[in-house]
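Down below is the structure, laid out as C-alpha cells.
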Amino acid sequence: MADKGLDAFKVNQSEDVVDTSKKIKVGIIGTGWIAASHLEALLQMPDVEIISGADLIPGKAEKFFTDNGVAGVKCYSSHKELIDANEVDAVCICTYNSTHTECAIYALEHGVHVLLEKPMCVTLEEAVAIRKAEKKSGKILSIGFQPRFDDNMKMVKEIVQSGTLGDVYYIQTGGGRRHGIPTPFGTTFIEADKGVIGAMGDIGCYSLDMVLNAIGYPKPLTVTGYTANFFGKDPDYFKSEGKPEEYAEIFGVEDFAAGFVRLEGGIILDFRIAWAMHLDTPGDTIIMGTKGSLRIPSTECWNGTIGGNLKLYQRVAGKDVCTEFPMLPPRKHSNFYYKMRTFLDAVKNGGEAPVPSKEIMINQAIIDAIIQSAKLGKEIAVEIPEM
C-alpha cells in the first residue's frame with residue numbers, strides 16, 4: 001500500500017483550546033492509588049476547581065491533598081457526605097471495585113455527573129442498575145478507559161471500520177504481565193470483598209474494549225470461561241517479589257482468566273488475560289476477516305497503547321502482502337488526561353459520554369459470564385436487557 005493509503009488511517013492530532021470562562025467544580029471519591037492520576041490530570045486543567053475529596057479511612061483524604069500540594073479542599077468521610085454538600089458538578093469515583101455501583105448511583109440520583117473508574121462494576125446486574133440510574137438522571141456517566149484515547153488504538157478501530165478486513169469472524173485478544181499482581185500499596189486489588197474481580201477488572205477490560213470497540217460492540221451470546229489463581233495463592237510468588245508471604249492467604253480473586261465468547265454476527269472472541277504467568281505474553285491480538293487480518297502486537301503491561309507497528313495481511317492480485325502501519329507518536333498529554341478532558345468537555349457543553357456505559361455494560365457482561373461459567377464448569381448463555 002502506498003504512503004497515501006497509509007495516510008488514510010492517520011488520526012488528527014490537533015489539540016483543542018480550553019475555554020476557561022466556565023469553571024467545573026469536581027470532587028474525588030476515594031483517594032487511593034488511581035486517584036493520584038486523576039488529580040495530576042485535573043491540576044493541568046485551568047477550567048477545573050477541585051472542591052472536595054472523600055475517603056472512608058479517617059485522615060486519608062486530607063493527607064492525599066496535602067501530600068500533593070493542593071490546599072483548600074474540603075474532605076469528607078463518605079461519598080454521601082461529599083455529594084450531599086451540593087458543592088460539585090462532577091465526581092471522579094476512584095474507590096474499591098466493590099463500591100463503584102453504590103457511589104455511582106448515589107451521585108447520579110443527586111444530579112452529579114460521574115467519571116467512573118474501570119472496571120465499571122463487578123457484575124452485569126450492577127451494570128444494569130447503574131445504567132438505569134444514569135438514564136433516569138439525565139447526567140453524563142463516562143467509564144475510565146484511557147486506552148480509547150490513544151491514537152494508535154483509534155487507528156485500530158479506523159482500519160476495522162473501513163471495511164478493509166471484510167467481515168470479521170475471529171478475534172484473539174488478551175495479554176498480561178509475566179509478574180504483575182498489583183500490590184504496591186497494599187492488598188485492596190486482591191481482596192475478595194474489595195477487588196471482587198482481579199486481572200479481568202484491572203487489565204482484561206482494556207483488552208476486551210480494544211477489540212469490541214473496533215467491531216462496534218456486538219452483544220455476547222454464550223461464554224465458556226476459566227479462571228485460576230495459582231500465582232496469587234502461592235506464598236513463594238510474593239516472597240520472590242519482596243512482598244509479605246501472607247498476601248497469598250488474603251488473595252481472593254483471579255490472576256488468570258480465559259474465555260471463549262460467541263458474539264452476535266457470527267464472531268468468535270478468544271480471550272485470555274494474566275497478572276502473572278511463565279510467559280512474556282500469551283499472544284498478540286489478531287482480528288481475522290474475510291478480506292484481511294490485522295495483527296496488534298501485545299504490550300508488557302497494558303500501558304494504554306499497542307506494543308508495536310500494526311500489520312495488515314491481505315491477498316492482492318494473487319499475492320500475499322503485508323502492510324505495516326508505524327506507531328503514531330504520543331500526543332501532548334497522556335491518555336489519562338484526555339479521558340478526563342473529554343468527560344469534562346461533555347459536562348460543560350452538554351455532549352455525549354466519551355466512553356458510554358451502554359458499551360461497557362457489554363464488556364462487564366462478558367467478564368461476569370466468564371466468572372459464572374468458570375464456577376459452573378460449563379458454557380452459559382448471556383442475556384443483556386434492552387434499555
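Ring geometry for Phe238 versus Phe251: interplanar angle of 30 to 60°, hence tilted.
A pairwise comparison of heavy atoms in Ile370 and Ala257 identifies CG2-CB, 4.5 Å as the closest pair. Here the closest non-hydrogen pair linking Tyr247 and Thr187 is CE1-CG2, 3.4 Å. Nearest heavy atoms, Phe343 versus Ser142: CD1-CB, 3.9 Å. A pairwise comparison of heavy atoms in Val253 and Asn229 identifies O-CB, 3.5 Å as the closest pair. Minimum interatomic distance between Val26 and Cys92 (heavy atoms only, all atoms of both residues): CG1-SG, 4.1 Å. Nearest heavy atom pair, residue His113 against residue Ile140, reads ND1-N, 3.0 Å.
In this structure, Glu379 places its CD atom where more than 12 heavy-atom neighbours from other residues, nucleotides or ligands lie under 6.0 Å away. Enclosure of atom OH in Tyr170 by more than 12 non-hydrogen atoms of other residues, nucleotides or ligands within 6.0 angstrom is indicated. Within 6.0 Å of NZ on Lys219 lie more than 12 heavy atoms contributed by other residues, nucleotides or ligands. For NZ of Lys60, the number of neighbouring non-hydrogen atoms (other residues, nucleotides, ligands) closer than 6.0 Å is greater than 12. The local environment of CD in Glu81 is crowded, with over 12 non-hydrogen atoms from other residues, nucleotides or ligands closer than 6.0 Å. More than 12 heavy-atom neighbours from other residues, nucleotides or ligands sit within 6.0 angstrom of NZ on Lys233. Other residues, nucleotides and ligands contribute over 12 non-hydrogen atoms within 6.0 Å of the NZ atom of Lys348. Residue-environment remark: NZ (Lys375) stays at or below the threshold of 12 foreign heavy atoms within 6.0 Å.
In this structure, a donor-acceptor pair under 3.5 Å is absent between the side chains of Glu87 and Ser52. No hydrogens or angles considered: nothing links the side chains of Gln172 and Asp270 as a donor-acceptor pair under 3.5 Å. Side-chain atoms of His100 and Glu117 form no donor-acceptor pair, as typed in the model, at a separation below 3.5 Å. In summary, the side chains of Asp368 and Thr123 do not present any donor paired with an acceptor at a separation below 3.5 Å, with no hydrogens or angles considered. In this structure, a donor-acceptor pair under 3.5 Å is present between the side chains of Lys243 and Thr183. With 3.5 Å as the limit, one finds no donor-acceptor pair spanning the side chains of Glu254 and Thr227.
Atom CD1 in Ile93 sits 8.5 Å away from atom CG in Leu115 (nearest 0.5 Å). Here the CE-CD distance, from Met340 to Glu40, works out to 10.5 Å after rounding to the nearest 0.5 Å. If you take OG on Ser357 and CG on Asn363, they are separated by 12.0 Å, rounding to the nearest 0.5 Å. Rounding to the nearest 0.5 Å gives a distance of 7.5 Å between NZ of Lys22 and CG of Asp89. Put simply, CZ on Phe65 and CD1 on Ile28 are 4.5 Å apart, with the number rounded to the nearest 0.5 Å. Here Trp33 contributes atom CH2 and Phe189 contributes atom CZ; the two are 5.0 Å apart, rounded to the nearest 0.5 Å.
At a threshold of 4.5 Å between non-hydrogen side-chain atoms, the residues Lys339 and Val355 do not count as touching. For the pair Trp275/Ile181, a side-chain contact is recorded, criterion being any heavy-atom separation below 4.5 Å from C-beta on. By the 4.5 Å heavy-atom criterion applied to side chains, Met155 and Ile159 are counted as neighbours. Side-chain contact between Arg148 and Ile143: absent, with no pair of heavy atoms (C-beta onward) separated by less than 4.5 Å. The closest side-chain heavy-atom distance from Leu116 to Leu141 is below 4.5 Å. By the 4.5 Å heavy-atom criterion applied to side chains, Glu134 and Lys139 are not counted as neighbours.
In terms of hydrophobic clustering, with Ile, Leu, Val, Met, Phe, Trp and Tyr side chains grouped at heavy-atom distances under 4.5 Å, Ile286 and Val168 are assigned to different clusters. The cluster map of Ile, Leu, Val, Met, Phe, Trp and Tyr, joined by side-chain heavy atoms under 4.5 Å apart, puts Tyr76 and Ile57 in different clusters. When hydrophobic clusters are built by joining Ile, Leu, Val, Met, Phe, Trp and Tyr residues whose side-chain heavy atoms come closer than 4.5 Å, directly or via intermediates, Ile287 is grouped together with Leu312. Cluster annotation: Leu43 and Tyr338 are assigned to the same hydrophobic cluster (Ile/Leu/Val/Met/Phe/Trp/Tyr, side-chain heavy-atom contacts under 4.5 Å, transitive). Linking Ile, Leu, Val, Met, Phe, Trp and Tyr whenever their side-chain heavy atoms come within less than 4.5 Å leaves Ile380 and Tyr226 in two separate clusters.
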Worksheet entry | Verdict with supporting geometry, Leu39 and Phe64, side-chain contact (heavy atoms from CB on, under 4.5 Å) | CA-CA 10 Å; Leu39 182 63; Phe64 171 76; 3.7 Å; yes
Item to complete: For side-chain contact (heavy atoms from CB on, under 4.5 Å), just list the numbers for Ile171 and Met288, CA-CA rounded to whole Å, side-chain angles, deciding distance to a tenth of an Å, and then say yes or no.
Response: CA-CA 6 Å; Ile171 298 172; Met288 299 174 67; over 6 Å; no
Item to complete: Decide yes or no on side-chain contact (heavy atoms from CB on, under 4.5 Å) for Gln314 and Lys291, but give the supporting numbers first.
Response: CA-CA 7 Å; Gln314 296 170 297; Lys291 294 182 179 179; 5.9 Å; no
Worksheet entry | Verdict with supporting geometry, Ile215 and Leu263, side-chain contact (heavy atoms from CB on, under 4.5 Å) | CA-CA 11 Å; Ile215 63 174; Leu263 301 168; 4.1 Å; yes
Worksheet item: Hey, mind stepping through Asp67 and Lys63 against salt bridge (Lys or Arg N to Asp or Glu O under 4.0 Å) and telling me if it holds?
Response: CA-CA 6 Å; Asp67 288 350; Lys63 186 177 187 302; 2.6 Å; yes
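Side chain of Glu324 to main chain of Asn309: no donor-acceptor pair is present (N/O by atom type, distance under 3.5 Å, no hydrogens or angles). Checking side-chain atoms of Asn349 against main-chain N and O of Asp345 turns up a donor-acceptor pair under 3.5 Å. Ser373 places no side-chain N or O within donor-acceptor distance of the main-chain N or O of Ala369, the cut-off being under 3.5 Å. A donor-acceptor distance shorter than 3.5 angstrom exists from the side chain of Asp150 to the backbone of Met153, with no hydrogens or angles considered. Ser298 contributes no side-chain N or O that, together with a main-chain N or O of Asp284, makes up a donor-acceptor pair within less than 3.5 Å.
Checked against a 6.0 Å centroid threshold, the rings of Tyr206 and Phe145 count as neighbours. A distance below 6.0 Å separates the ring centres of His38 and Phe336. Within the 6.0 Å centre-distance limit, the rings of His278 and Phe231 are counted as a close aromatic pair.
Looking at residues two or more places apart in sequence or on another chain, you find a ring pair (Phe, Tyr, Trp, His ring centres under 6.0 Å) between His79 and Tyr106.
Shown are Asp202, Asp280, Asp255; of these, the salt bridge (Lys or Arg N to Asp or Glu O under 4.0 Å) with Arg177 is made only by Asp202.
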